[in-house]
Amino acid sequence: KISIYDGIFFLFITQAQADGSWIFETPPLLNGSHSLTVTATDAIGNVSVASPPTNFTVDTLAPTPILALTVSNNIGSPALASGTVTNDNTPIISGRAEAGALITVYNGATIVGTVTAGADGSWSWAPSSLNDATYVLTATATDAAGNVSLPSPPFTLTIDTAAPVAPLAFTLTDNIS
């Protein structure tokens, strides 16, 4: 028979086939680190030394959502407010997330960029160039296990790099009658 352990905790016994193979399906495991080992017991009760451990982490929890996006012009301006119009078509979009998470930035449902959060959870991304338009930006975080957070609250930004149309004509009048 084959005995399976998670650390010091006994999980299950299964029978080895004639060729020595065996199959075991774990019961549901809690989120966190696990270290599975096995021992074999022969017909008269002799128990083998435990196998080398197989270590892994169960992570079924999505990362905490990104609470807010910070958007600023790439020339060092203070953070812009949602709903702002700017003439900077390469704004810096930043925030905080789970350390090492893959951050995906969206305009509506369209992915516009990705970046990886640093060890402290901070991240920033600057597009190469955005067209003149209104953008509704959100971001999600994807952890190493592939769990995806809920999207951040939307941040609306309008890019307008077009100069105003020059006046076609003007009229001069004097104020002396």
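Position 1 is the first residue of the sequence; numbering continues from there. Computed from a prediction, not measured in an experiment: that's the story for all the values here.
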(request) With the side chain counted from C-beta on, respond yes when V38 and W22 share a heavy-atom pair under 4.5 Å apart, and no when they do not. (result) yes
(message) Return the CG to OG1 distance between D6 and T37, rounded to the nearest 0.5 Å.
(response) 8.5 Å
(message) Do F155 and V115 land in one hydrophobic cluster if side-chain heavy atoms of ILVMFWY residues count as linked below 4.5 Å?
(response) yes
(message) For the CZ atom of F24 and the CD1 atom of I13, what is their distance to the nearest 0.5 Å?
(response) 10.5 Å
(message) Would a single hydrophobic cluster contain both I92 and I159, if residues Ile, Leu, Val, Met, Phe, Trp and Tyr are joined by side-chain heavy-atom contacts under 4.5 Å?
(response) no
(message) Looking at every non-hydrogen atom in both residues, tell me the closest pair between N55 and S35 and how far apart they are.
(response) OD1-OG, 2.7 Å
(message) For a 4.5 angstrom cut-off between non-hydrogen side-chain atoms, does T156 reach T134?
(response) yes
(message) Minimum heavy-atom separation for A97 and A141, please, with both atom names.
(response) CB-CB, 4.1 Å
(message) Before you tell me yes or no, could you show the steps for V58 and L30 under side chain to side chain contact (heavy atoms under 4.5 Å, CB included), namely the whole-Å CA-CA distance, both residues' side-chain angles and the distance that decides it to 0.1 Å?
(response) CA-CA 7 Å; V58 173; L30 298 175; over 6 Å; no
(message) Test side-chain hydrogen bond (donor to acceptor under 3.5 Å, both in side chains) on D120 and S122; report intermediate values, then the result.
(response) CA-CA 6 Å; D120 65 353; S122 64; 2.7 Å; yes
(request) Work out which heavy atom in I111 is nearest to a heavy atom in Y106; give both atom names and the distance. (result) CG1-CE2, 3.4 Å
(message) Regarding D19 and S21, do their side chains bring together a donor and an acceptor under 3.5 Å, going by distance alone?
(response) yes
(request) May I ask you to test the Y135-V112 pair for a side-chain heavy-atom distance under 4.5 Å? (result) no
(request) Spell out, as yes or no, whether a donor-acceptor pair under 3.5 Å connects the side chain of S152 to the backbone of A139. (result) yes
(request) Compare all side-chain heavy atoms of F12 with those of P27 and state whether any distance is below 4.5 angstrom. (result) no
(request) Taking the side chain as every heavy atom from C-beta outward, state whether L36 and L11 have any pair of such atoms under 4.5 Å apart. (result) yes
(message) Which residue in the set D132, N87, T86 passes side-chain hydrogen bond (donor to acceptor under 3.5 Å, both in side chains) when paired with T161?
(response) D132
(message) Applying side-chain hydrogen bond (donor to acceptor under 3.5 Å, both in side chains) to S48 and T39, what does each step give before you reach the verdict?
(response) CA-CA 5 Å; S48 72; T39 60; 5.1 Å; no
(request) Kindly compute the distance separating CG (N74) from OG1 (T90), expressed to the nearest 0.5 Å. (result) 3.5 Å
(message) Can you tell me how the ring of F56 sits relative to the ring of H34, calling it parallel under 30°, perpendicular over 60° and tilted otherwise?
(response) parallel
(message) I need the N89 CG to S128 OG distance, nearest 0.5 Å.
(response) 9.0 Å
(request) Please check if the side chain of N107 supplies one atom and the backbone of L137 the other of a donor-acceptor pair under 3.5 Å. (result) no
(request) Might you point out which heavy atoms bring W123 and T116 nearest each other, and give the distance in Å? (result) CB-O, 4.3 Å
(request) Hey, could you give me the CG/OG1 distance between L29 and T57, rounded to the nearest 0.5 Å? (result) 11.5 Å
(message) Working to the nearest 0.5 angstrom, can you tell me the gap between I2 CD1 and T14 OG1?
(response) 8.0 Å
(request) Provide the closest heavy-atom pair for P127 versus P91 in the form atom of the first, atom of the second, distance. (result) CD-O, 3.0 Å
(message) For residues V105 and V148: do they belong to one hydrophobic cluster (side chain heavy atoms under 4.5 Å, members Ile, Leu, Val, Met, Phe, Trp, Tyr)?
(response) no
(message) If you count heavy atoms of other groups shown closer than 6.0 angstrom to CZ of F9, is the number above 12?
(response) no
(message) Please find the pair of heavy atoms, one from N147 and one from A62, that lie closest to each other, and give the distance.
(response) CB-CA, 3.6 Å
